[in-house]
J.: 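Dumping the structure here so I can ask a few things about it.
Sequential numbering from 1 along the given sequence is applied to the chain's residues. FYI, side chains are in, hydrogens and waters are out, and symmetry mates aren't considered; it's all heavy atoms of this structure. As the structure lists them, so they are numbered: ligands from 1, and atoms in each ligand from 1.
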Amino acid sequence: MLNKTRLLTPGPTPLPERVRLALAKDMIHHRKGEFHKIMNHTQEQLKLLFGTTQPVLTLSCSGSGSMTATVYSLFNPGDTVIVVNAGKFGERWGEIAKMRGLKVAEIKKEWGTAVSAEEVAHAIQENKDAKAVLVQMSETSTGVLHPIEAIAAVTRATDTLLVVDGISGVGISPCPMDKWGVDCLLTGSQKGLMLPPGLALLALSERAWKICENVKPGCFYFDLPAERKKILGKSETHFTTPVNLIVGLEESLGMLLESGLETVYRKQWALTQFCRRCADAMGLKLLAPDNYTWGITSILLPEGVDGVQVVKDCAEQYGIYLAGGQDQLKGRIVRVGHMGWVDWGDVATAMYALNQCVIARGGFSGCHDFLEQGLATYRKALQGKPGEPVDEVHD
Ligand SMILES: *Cc1c(COP(=O)(O)O)cnc(C)c1O
C-alpha cells in the first residue's frame, strides 16, 4: 500500500515541514506592525534571491498573472515586442502580448532547442522599434534553458528591454538581475520556492521602472507603480495580500538563504545530472541535449510507448506524479520535475518507477544499474561548481 504521493511535477512542488508549519500560523493583519516586519524581511531576502537592489513586488496571482501584469504595465497598445517562442510558455507571452494589442515579432524555435543571443541580436536589428524581448529563463514545456546572461549582454547595450519569465528558473539556477542586466524578472511561488501556488514575485530594473511610469496601466488590479509606492512607503501591498503565503515565503527564503544559494543551485544541477544519467543508462533519449534547465528533465519515450499511460501508471502504481508532454509532445515525453523540496531519494524512486512503467508498456531496459550510475554522477556533480560538466570535476 502506498501512503505517500511524491510530486515530481514542474509545480506545484512538495512543501518542507518548516514551511507548512509557518503556513499554519494564526492570521495576522496585512496593514499592521507585525506584518510590516515580515514584509521588510522578505524584501531583503527577495533582493538576494533576485540579485537586485530594486524592490521585488509580491502579487496575489499565479505566475501567469505576473506575466500579464508585466505586459499590461510596460507596453502601450501598438508597441512592438520580440517574443521567443520555443514552447508552450513562449507561446503564452505572444498570447498575452496580442491581447494587450501589441505587435509581436516572433522568434520561433523548434521544441527542445534554445534561442541564441545572436538570433536575439538579429531580431532587434530587424525590429528597431521593438520595446522589449520577452523570453523564458527555463521553458518548462520542453526543459530548455535559454542563455539569459548572453541575451542580456545584447539587450543591455540597446534600448530594448529584456523581460524574463523565470517561473521555473528562479531559485533553481542563477539569474542575478542587476549583474546580468535583466530588466524584468518574475516568478511564481509553487516551483523553486517550495510554497503553495498563489503568489507571484516580480522585479523591474531602473530603466524598466522609468518606462513603466509613463505607461497608463492596462488594468485596475495590476498597477505596478502603485504597488511599488506601497511597498517602499508602507511595506504593504496595494490590495489584501495572501498573508499566510508571505509568512511561508519568509520561511522558505530563510531556508534557501541559510543553506546558501550556491548550495541550492549545486543541488539542482546535481539532481539534473542524476536524472539525465539515469535516463541515458535506461536507454532513453533526452529532448534537450544541451541547454537544459536545472529543475526539470524531459525524457523521450521509445517508439510505440504511450507517454500518457506511463505517466498514469507511475501515479497509480508508484505514487510518483510526473508530467507528460504538451501539444505536439503529448504522449511522446515524460517530464520529471526535480525542483524545490525534492532530493535524490525522490528522484531515485521516480526513475525506478519510470523504468518499470516504460518496460511494462513495451519499452526496453538498458543497464540494470542505472540508479547506481545516476547516483555516482550525482555525487560527483556535488563536488563541482553549479553548472560544471561532471567529467570536468576533479575528485
Ligand atoms: C508554470 C509556468 C508558468 C505558468 O505559471 P502559473 O503559475 O501556472 O500561472 C509560466 N511560465 C513558466 C516558464 C512556467 O514554468
J.: For the residue pair His338 / Thr297, report whether a side-chain donor-acceptor contact shorter than 3.5 Å exists.
T.: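 Short answer, yes.
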
J.: Answer yes when Glu119 and Lys109 have at least one side-chain N-carboxylate O distance shorter than 4.0 Å, and no when they do not.
T.: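 Looking at Glu119 and Lys109, the cut-off is met.
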
J.: Given a cutoff of under 4.5 Å between side-chain heavy atoms of I, L, V, M, F, W and Y, with clusters grown through shared members, what are the other residues clustered with Leu329?
T.: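 Direct or chained contacts put Leu329 with Trp111, Leu287, Leu300, Ile333.
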
J.: Indicate yes or no: does an N/O atom of Arg92 lie under 3.5 Å from an N/O atom of ligand 1?
T.: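 Min N/O separation from ligand 1 is not below 3.5 Å for Arg92.
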
J.: Using a strict cut-off of 4.0 Å, indicate which atoms of ligand 1 neighbour a heavy atom of Thr140.
T.: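 Matching atoms, with element in brackets: 12 (C), 13 (C), 14 (C), 15 (O).
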
J.: Are Lys88 and Asp327 close enough for a salt bridge, meaning some N to O gap below 4.0 Å?
T.: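 Judged by the 4.0 Å cut-off on N to carboxylate O distance, Lys88 and Asp327 do form a salt bridge.
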
J.: Identify, for atom 3 (C) of ligand 1, the protein heavy atom at the shortest distance, and state residue, atom and that distance.
T.: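 The answer is Phe89 CE2, 3.3 Å.
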
J.: So which of Ser64, Pro12, Gly90 gets nearest to atom 5 (O) of ligand 1, if we judge by its closest heavy atom?
T.: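 Result: the heavy atom closest to atom 5 (O) of ligand 1 is in Ser64.
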
J.: Taking only Lys NZ, Arg NE, NH1 and NH2, and the carboxylate oxygens of Asp or Glu, determine whether Glu250 and Lys37 approach each other closer than 4.0 Å.
T.: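 Salt bridge flag = no for Lys37 with Glu250.
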
J.: Has ligand 1 got any nitrogen or oxygen that is less than 3.5 angstrom from a nitrogen or oxygen of Gly63?
T.: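 Right, the criterion is met.
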
J.: Where on Lys191 is there a heavy atom closer than 4.0 Å to ligand 1, on the side chain, on the backbone, on both, or on neither?
T.: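 Side chain only; the backbone of Lys191 stays clear of ligand 1.
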
J.: So, 4.0 Å and heavy atoms of Met137: is ligand 1 close enough to count as a contact?
T.: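 Judged by the 4.0 Å heavy-atom criterion, Met137 does not count as contacting ligand 1.
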
J.: Report yes or no: do Asn85 and Glu91 form a side-chain donor-acceptor pair below 3.5 Å?
T.: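 No pair is found: no donor N or O on one side chain lies under 3.5 Å from an acceptor on the other.
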
J.: Which ligand 1 atoms, with their elements, are less than 4.0 angstrom from a heavy-atom of Ser62?
T.: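 Result: 6 (P), 7 (O), 9 (O).
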
J.: Could you establish whether Ser138 and ligand 1 come within less than 4.0 Å of each other, counting only heavy atoms on the residue side?
T.: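 So Ser138 counts as touching ligand 1.
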
J.: Thinking salt bridges, do Glu251 and Lys25 make one under a 4.0 Å N-O criterion?
T.: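 No.
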
J.: Taking the non-hydrogen atoms of Gln190, is any one of them nearer than 4.0 angstrom to ligand 1?
T.: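 Yes, Gln190 has heavy atoms under 4.0 Å from ligand 1.
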
J.: Given Leu74, which of Leu224, Val215, Leu161 fulfils the side chain to side chain contact (heavy atoms under 4.5 Å, CB included) condition?
T.: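 The residue from Leu224, Val215, Leu161 that satisfies side chain to side chain contact (heavy atoms under 4.5 Å, CB included) with Leu74 turns out to be Leu161.
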
J.: Could you tell me the residue and atom name of the protein heavy atom closest to atom 12 (C) of ligand 1, and the distance to it rounded to 0.1 Å?
T.: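 Protein heavy atom at minimum distance: Asp165 OD2, 3.4 Å.
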
